[in-house]
Q: 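Have a look at this one.
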2 protein chains.
Amino acid sequence: MVNNSQSLDAVFGALADPTRRAILMQLADRPMWVTELAEPFDISLPAASKHIRVLARAGLLRQTKVGRNRKCEIVADALGDAQAWINQVEIFWSERLNALDKFLNDDTQKGNQP
Amino acid sequence: MVNNSQSLDAVFGALADPTRRAILMQLADRPMWVTELAEPFDISLPAASKHIRVLARAGLLRQTKVGRNRKCEIVADALGDAQAWINQVEIFWSERLNALDKFLNDDTQKGNQP
DNA sequence: GATATACTTAACCAAATGGTTAATAATTCG
DNA sequence: CGAATTATTAACCATTTGGTTAAGTATATC
């Protein structure tokens with residue numbers, strides 16, 4: 001798991017498109033060919049190819065050449081980066097739920113917080 | 001939790017920008033004013049205001065007017081949508097790890113899968 | 001009431017995104 | 001070899017995105 005800002009940009013950016021999310025969801029079940037992946041969508045093959053490249057660059061899938069075909073497989077690790085970031089936010093947030101405690105123990109409280 | 005495709009577009013899209021992720025991470029600790037949120041970043045206030053609007057439209061934060069200020073608070077629910085989607089992918093994927101089982105039990109196996 | 005403060009909205013711009021069709025590359029099949 | 005299949009790359013286009021500065025709005029303060 002890398003979890004630097006650039007890779008999170010790429011991962012979340014890749015997941016922001018419904019076609020790419022659907023592609024990834026398909027791959028979660030089994031490896032698939034490019035044509036096979038593109039088939040359910042009403043877009044050209046080059047458009048699908050681009051989506052796949054975006055997912056690959058974000059580290060969310062891996063392509064391997066098999067004859068004249070390309071086998072696409074999901075790489076679950078990159079999703080873990082996104083998950084870890086979200087979890088971090090939620091941990092911070094749940095800690096803040098003890099805000100009253102913090103308030104009562106904070107002598108330097110200046111009263112200018114929202 | 002809504003978890004429709006459009007709202008996931010908005011949530012993942014909002015999280016795809018490093019400034020917006022940093023804003024959200026700040027808000028995870030405590031509610032903050034717009035100016036206060038914008039201060040750490042080397043961008044104009046209107047730019048920050050736009051980022052905040054993107055986060056708000058994605059349902060990731062809520063703004064309430066307090067005098068001439070705007071208090072920004074994180075809304076953790078929307079993050080749950082993203083988390084749920086990622087979890088779903090990972091569940092599908094972990095089920096597929098039993099692929100050998102599936103293969104052995106599948107009479108209709110045609111052998112044309114990658 | 002005049003002025004400062006805290007924003008948002010408007011208008012604009014460059015770069016990125018998501019789509020297209022046409023061309024190219026690599027492999028298989030007749 | 002020649003033709004079909006499976007992609008990718010190139011060139012192009014419209015829209016969205018992330019930034020700017022300038023103007024507007026609402027509230028607080030002198």
Side-chain angles (χ1 to χ4, degrees), chain A residues 5-24 26-27 30-73 111-114, chain B residues 5-24 26-27 30-73 111-114:
Chain A
S5 187
Q6 275 195 341
S7 86
L8 283 175
D9 287 5
V11 171
F12 283 124
L15 298 180
D17 183 274
T19 302
R20 286 194 294 261
R21 283 199 306 278
I23 286 174
L24 214 60
Q26 292 189 81
L27 288 179
R30 62 182 178 85
M32 292 174 82
W33 309 117
V34 170
T35 315
E36 202 179 1
L37 276 172
E39 198 269 328
F41 308 104
D42 196 21
I43 56 175
S44 65
L45 195 60
S49 185
K50 280 189 183 182
H51 281 306
I52 289 168
R53 195 175 53 197
V54 170
L55 289 164
R57 285 222 246 255
L60 289 160
L61 66 79
R62 170 185 42 223
Q63 265 180 308
T64 51
K65 209 173 159 180
V66 179
R68 66 185 162 189
N69 306 315
R70 257 91 171 179
K71 184 174 70 171
C72 300
E73 288 173 289
N112 60 342
Q113 292 173 185
Chain B
S5 187
Q6 275 194 341
S7 86
L8 283 175
D9 287 4
V11 171
F12 283 124
L15 298 181
D17 183 273
T19 303
R20 285 193 295 262
R21 282 197 308 277
I23 287 174
L24 215 59
Q26 293 190 80
L27 288 178
R30 62 182 177 87
M32 292 173 83
W33 309 119
V34 170
T35 316
E36 202 179 0
L37 276 173
E39 197 271 330
F41 308 105
D42 196 22
I43 55 174
S44 64
L45 194 60
S49 185
K50 278 187 182 182
H51 281 306
I52 289 168
R53 194 176 54 197
V54 170
L55 289 164
R57 284 220 248 256
L60 288 161
L61 68 79
R62 171 186 40 223
Q63 264 179 309
T64 52
K65 208 172 160 180
V66 179
R68 66 187 162 185
N69 306 316
R70 255 89 170 182
K71 184 174 71 172
C72 301
E73 287 174 289
N112 59 342
Q113 290 171 186

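These figures come from a predicted structure and were not determined experimentally. Proteins get letters first, then strands, A, B, ... in listed order; numbering begins at 1 in each.
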Q: Does C/dC7 have OP1 or OP2 under 4.0 Å away from a side-chain N or O of B/Gln63?
A: no
Q: How many Å lie between CD1 on B/Ile52 and P on C/dT9, as a whole number?
A: 12 Å
Q: Check salt bridge (charged side-chain N to carboxylate O under 4.0 Å, His left out) between A/Glu39 and all other residues, then give those that pass, not counting sequence neighbours.
A: none
Q: Side chains of B/Lys71 and B/Trp33: closer than 4.5 Å at any heavy-atom pair?
A: yes
Q: Which atom names give the shortest non-hydrogen contact between B/Asp9 and A/Pro18, and what distance separates them?
A: OD1-CD, 3.4 Å
Q: Does A/Thr35 have any side-chain hydrogen bond (donor to acceptor under 3.5 Å, both in side chains) partners at least two apart in sequence or in another chain, and if so, which?
A: none
Q: Do B/Leu27 and B/Leu60 have side-chain heavy atoms sitting under 4.5 Å apart?
A: no
Q: In whole angstroms, how far is the P atom of C/dG19 from the CZ atom of A/Phe41?
A: 10 Å
Q: Can you give me the closest heavy-atom contact between A/Ala14 and A/Ala58, atom names plus distance?
A: CB-CB, 4.0 Å
Q: Spell out protein contact along nucleotides 12-20 of chain D as letters: B when the base is contacted, S when just the sugar-phosphate is, - when no protein heavy atom is under 4.0 Å; keep the 5' to 3' order.
A: ------BBB
Q: Could you tell me how far apart B/Lys71 (NZ) and C/dA6 (C1') are, to the nearest whole angstrom?
A: 16 Å
Q: Test of understanding: with side chain to side chain contact (heavy atoms under 4.5 Å, CB included), list the residues that count as partners of A/Ala16, not counting sequence neighbours.
A: B/Phe12
Q: In whole angstrom, what separates B/Arg70's CZ from D/dT27's C1'?
A: 10 Å
Q: Just grab all the side-chain hydrogen bond (donor to acceptor under 3.5 Å, both in side chains) pairs involving residues 43-61 of chain B, residues at least two apart or on different chains.
A: B/Arg20-B/His51
Q: Please determine if a side-chain N or O atom of B/Arg53 lies less than 4.0 Å away from the OP1 or OP2 oxygen of C/dT9.
A: yes
Q: Looking at A/Ser49, does any N or O in its side chain come under 4.0 Å of the phosphate oxygens OP1/OP2 on D/dA7?
A: no
Q: Measure CD/A/Glu36 against P/D/dT5 and give the value in whole Å, please.
A: 17 Å
Q: Rounded to whole angstroms, how far apart are CD on B/Glu39 and C1' on C/dA6?
A: 15 Å
Q: Hey, are the side chains of A/Cys72 and A/Glu36 touching, using non-hydrogen atoms and a 4.5 Å cut-off?
A: no
Q: Listing time: all N or O pairs from protein to nucleotides 27-30 of chain C that are below 3.5 Å?
A:
unit_1: C/dT27; atom_1: OP1; unit_2: A/Lys65; atom_2: NZ; d: 3.3
unit_1: C/dT27; atom_1: O2; unit_2: A/Arg68; atom_2: NH1; d: 3.3

Q: Using atom CZ of B/Arg57 as one end and atom C1' of C/dT8 as the other, report the distance to the nearest whole Å.
A: 12 Å
